Protein chains: 2
Amino acid sequence: MSSTANSSSQTSPTRHKIVVCTDLGPTLPLLTERHDIDVVSWNEPRRCDRAWMLQNAVGASGLVVCFQNIVDREVVDAAGPNLRVVSTISVGYEHINLKVMADHGIQVGYTPDILTDAVADSAVMLALMATRRAGQSYTFVKDNQWPTFHWTPFAFCGPQISTTSFSPTRTVGFLGFGRIAHAVLKRLSAFGVTHCIYTPRPGAPDQSARDENLRSTLNLVSVAPVDLETLARKSDVLFLLAPGGEATRHLIDESFLRLMRPTSVLVNNGRGSVVDSTALAKALKEGWIWGAGLDVVEEEPQVGPEHLLVKEPKCVVLPHIGSAALETREEMARLTARNVLAGVLGERLPVGLDYSRLI
Amino acid sequence: MSSTANSSSQTSPTRHKIVVCTDLGPTLPLLTERHDIDVVSWNEPRRCDRAWMLQNAVGASGLVVCFQNIVDREVVDAAGPNLRVVSTISVGYEHINLKVMADHGIQVGYTPDILTDAVADSAVMLALMATRRAGQSYTFVKDNQWPTFHWTPFAFCGPQISTTSFSPTRTVGFLGFGRIAHAVLKRLSAFGVTHCIYTPRPGAPDQSARDENLRSTLNLVSVAPVDLETLARKSDVLFLLAPGGEATRHLIDESFLRLMRPTSVLVNNGRGSVVDSTALAKALKEGWIWGAGLDVVEEEPQVGPEHLLVKEPKCVVLPHIGSAALETREEMARLTARNVLAGVLGERLPVGLDYSRLI
């Protein structure tokens, strides 16, 4: 059995059917405990079958999906005329055909702006792990090397993110300087970071007032836009938080990496495609930079022990878990449930996508 | 050859001999580039031989050591009457017999207070790694499991250290509330942590003015001393930064751990002996707490893949590298060199140990 229903299997006209194709965790009862709604949910420990989705969508008023579930004309046709809302537990909506939604007047709920803090935490963690050689030293213990460790004052040393009286300046750089970047900068200001540089989007308006506000609020020496070359040359820690797509593809390539410092690290919590994996592996192997912390890799999920970057000792690769914090994912699930509920009841969605400007 | 000398092997009475038993890294030239000093240094990639040390100490005015090099009466006798200073690249001085130093009027240099920020960075890293399951997910990629990863909204989730509008309070606890703890608290204040609790040393004076100052400076809701039971019950992240010794041995035992929350984590950057390893492994296995990040373990360095804590998936064990930051270790080496130099020249040490109160 790969489906469950919380009440009668016959859906009467006055009742609503919601098909849940992903895991809403502890927030599922927001749907299942209502007496006016039938919930059918995918419960297998693998990605929801397309066939199951098409079969169970019949007669549904609402669909709950994640980025893995393609919502196209076929799904909408299968559901039939009751379908009022598609609620996705994601920031992105590339898996939903917005034109079809518009044609049928189906609302789309999504979950932006919730994961800022969770991703910022993860970015700081990766920056610390990449500088302080956490991957190498974690493996060292697992590999039974501690008992015969030749300790010296410089064993396992890495660059220090925090400033001190004897090392008083540090520059963090950002490729992509939005909400998450600001949250990272706030955290690092408490480590004593002094300078912030970032590359503005092409054609972006002047942000000197915002930058001055950030500088003074976070007690920094400077916050300033720079060109890509300066970003490479000056960043002690460089955070990649740019969107994907052709405009940013392989912005971090061999020529960029050759400009970086041998004690600098790269952290990518944005999109894997921004970095040329082969160039980064070369940079790490040849010591152009100190290390890297990657939550995303261009080739993901086809990334295993034979991947060039996983093989690099000073590269920490995590499986795209930047926003995987319990509180954040629960809030995303809660909002997803509230969105679908509002949709089937004909109410305004708490956070609906205004797709009219997108299609 | 396991020794080098920078000038003539004959030490004339007007010259000083310094024996360096550890690695001073890039600061060694502070000694070797002087023309009034002969430097003999251990250069093998293993711990300095006791026999080498005794043999080369003969006639030395200064010794440079680390915590691995025991400096006792035998060493002092071997050196002879020229010996004026022992300079250790460490905060601790348990490896130096202070009574013998006093008897011979030998000064002792050491390196306290430099590593505060490096250790605080490491503690924050371990807290993030323990909550956000960095050890497990790092191993997951290495083990080639990403390509077949069944993603769900709650896969690899862990508790979030930072607060958000939908999860607005967080309590950090400290066992040992000195300089390093304050530096950790400062960093976490930028993650939105709201409450700080700590256990005061027995008989410590009232610190309410200091606590109020910390609270207002770091924009927290409260900073307060509590008893051990409250520390266990209320801490979302508990940092162990207490000194070792009998007074703190196994303070973190089964009864303490049973009081903690299933979403809380423990971070130990202090002394391994504070934690009962068997009890902590049980707590992790049975889910009394969420995870642990350990830079120190009671059994170190006899800690390998068969150790109870290394075997626990939600435990991150690193090989005592809390202060292993380049900038910090270089400053420690620089101070160690300056201490020994001042000592052999008969000057006041930049940072000397006042051992009169310790023997």
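These numbers come from the heavy atoms of this one structure, side chains and all, not from hydrogens, waters or symmetry mates. These figures come from a predicted structure and were not determined experimentally. Naming convention: chains lettered A, B, ... in sequence-line order (proteins, then strands); numbering from 1 in each chain.
- Per-residue counts of heavy-atom pairs under 4.5 Å with chain A were compared for B:Leu24, B:Val310, B:Asn144, B:Asp121; the largest is that of B:Asp121.
- For the pair B:Gln136 and B:Lys314, the minimum side-chain heavy-atom distance is below 4.5 Å.
- Shortest non-hydrogen contact noted between B:Pro168 and B:Thr194 is O-CG2, 3.5 Å.
- In this structure the side chain of A:Ile321 never reaches within 4.5 angstrom of the side chain of B:Arg132, judged on heavy atoms.
- Side-chain contact check for B:Pro305 versus A:Lys142: every heavy-atom pair is 4.5 Å or farther apart.
- Among all heavy-atom pairs drawn from B:Pro153 and A:Thr22, the shortest one is CD-OG1, 3.3 Å.
- Ranked by non-hydrogen atom pairs under 4.5 Å with chain B, the options A:Thr116, A:Asp143, A:Ile114 are led by A:Ile114.
- Proximity to chain B is absent for every atom of A:Ala183, based on heavy atoms less than 4.5 angstrom apart.
- Side chain of A:Asp236 to backbone of A:Arg170: no donor-acceptor contact under 3.5 angstrom is found.
- Neither the backbone nor the side chain of B:His307 comes within less than 4.5 Å of any heavy atom in chain A.
- The CZ atom of A:Arg329 sits 8.5 Å away from the CZ atom of B:Phe154 when rounded to the nearest 0.5 Å.
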Exercise for review: Given side chain to side chain contact (heavy atoms under 4.5 Å, CB included), test B:Asn268 with B:Val297 step by step and report yes or no.
Suggested key: CA-CA 8 Å; B:Asn268 194 358; B:Val297 181; over 6 Å; no
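- Side-chain contact annotation: B:Asp117 with A:Thr164, donor-acceptor N/O pair under 3.5 Å absent.
- With a 4.5 Å cut-off on side-chain heavy atoms, A:Cys66 and B:Trp151 count as touching.
- Although no hydrogens or angles enter the test, the distance criterion places no donor-acceptor pair under 3.5 Å between the side chain of B:Asn339 and the main chain of B:Ser87.
- Neither the backbone nor the side chain of A:Glu299 comes within contact range of chain B, judged by heavy atoms closer than 4.5 Å.
- Using a 4.5 Å cut-off between heavy atoms, A:Asp113 does not touch chain B at all.
- The contact between A:Phe140 and chain B is made entirely by side chain atoms (from C-beta outward), counting heavy-atom distances below 4.5 Å.
- Neither the backbone nor the side chain of B:Gln145 comes within contact range of chain A; no heavy atoms are under 4.5 Å apart.
- Applying a 4.5 Å heavy-atom cutoff, the residues of residues 122-131 of chain B that approach chain A are B:Ser122, B:Val124, B:Met125, B:Leu128, B:Met129.
- Considering only heavy-atom pairs separated by less than 4.5 Å from chain A, the leading option among B:Pro45, B:Pro26, B:Ser90, B:Ser189 is B:Pro45.
- In this structure, chain B has no heavy atom under 4.5 Å from any part of A:Leu218.
- Of the listed residues A:Ala325, A:Ala190, A:Gly304, the one with more heavy-atom pairs under 4.5 angstrom with chain B than any other is A:Ala325.
- Proximity of A:Phe239 to A:Leu185: side-chain heavy atoms (C-beta onward) are nowhere separated by under 4.5 Å.
- Top candidate by heavy-atom pairs under 4.5 Å with chain B, chosen from A:Ala120, A:Cys157, A:Ser323, is A:Cys157.
- Between chain A and the options B:Phe156, B:Phe191, B:Trp146, the largest number of non-hydrogen pairs under 4.5 Å is found for B:Trp146.
- Between B:Ile89 and B:Val64, the closest side-chain pair of non-hydrogen atoms is not below 4.5 Å.
- Using a 4.5 Å cut-off between heavy atoms, A:Tyr138 touches chain B through backbone and side chain atoms alike.
- Residue B:Phe149 touches chain A through its side chain alone, counting heavy-atom pairs closer than 4.5 Å.
- Of the two parts of A:Glu327, the backbone and the side chain both hold a non-hydrogen atom closer than 4.5 Å to a non-hydrogen atom of chain B.
- The CG atom of A:Leu31 sits 9.5 Å away from atom OG of A:Ser41, with the distance rounded to the nearest 0.5 Å.
- Only the side chain of B:Ser167 comes within contact range of chain A, with heavy atoms under 4.5 Å apart.
- Of the possible polar contacts, none joining the A:Arg338 side chain to the A:Leu30 backbone as a donor-acceptor pair under 3.5 Å is found.
- Options B:Leu318, B:Thr336, B:Thr152 differ in how many heavy-atom pairs under 4.5 Å they form with chain A, and the most are formed by B:Leu318.
- Between B:Asn69 and B:Trp42 the shortest side-chain heavy-atom distance does not fall below 4.5 Å.
- In this structure, no portion of A:Glu306 lies under 4.5 Å from any heavy atom of chain B.
- Only the side chain of A:Ala333 comes within contact range of chain B, with heavy atoms under 4.5 Å apart.
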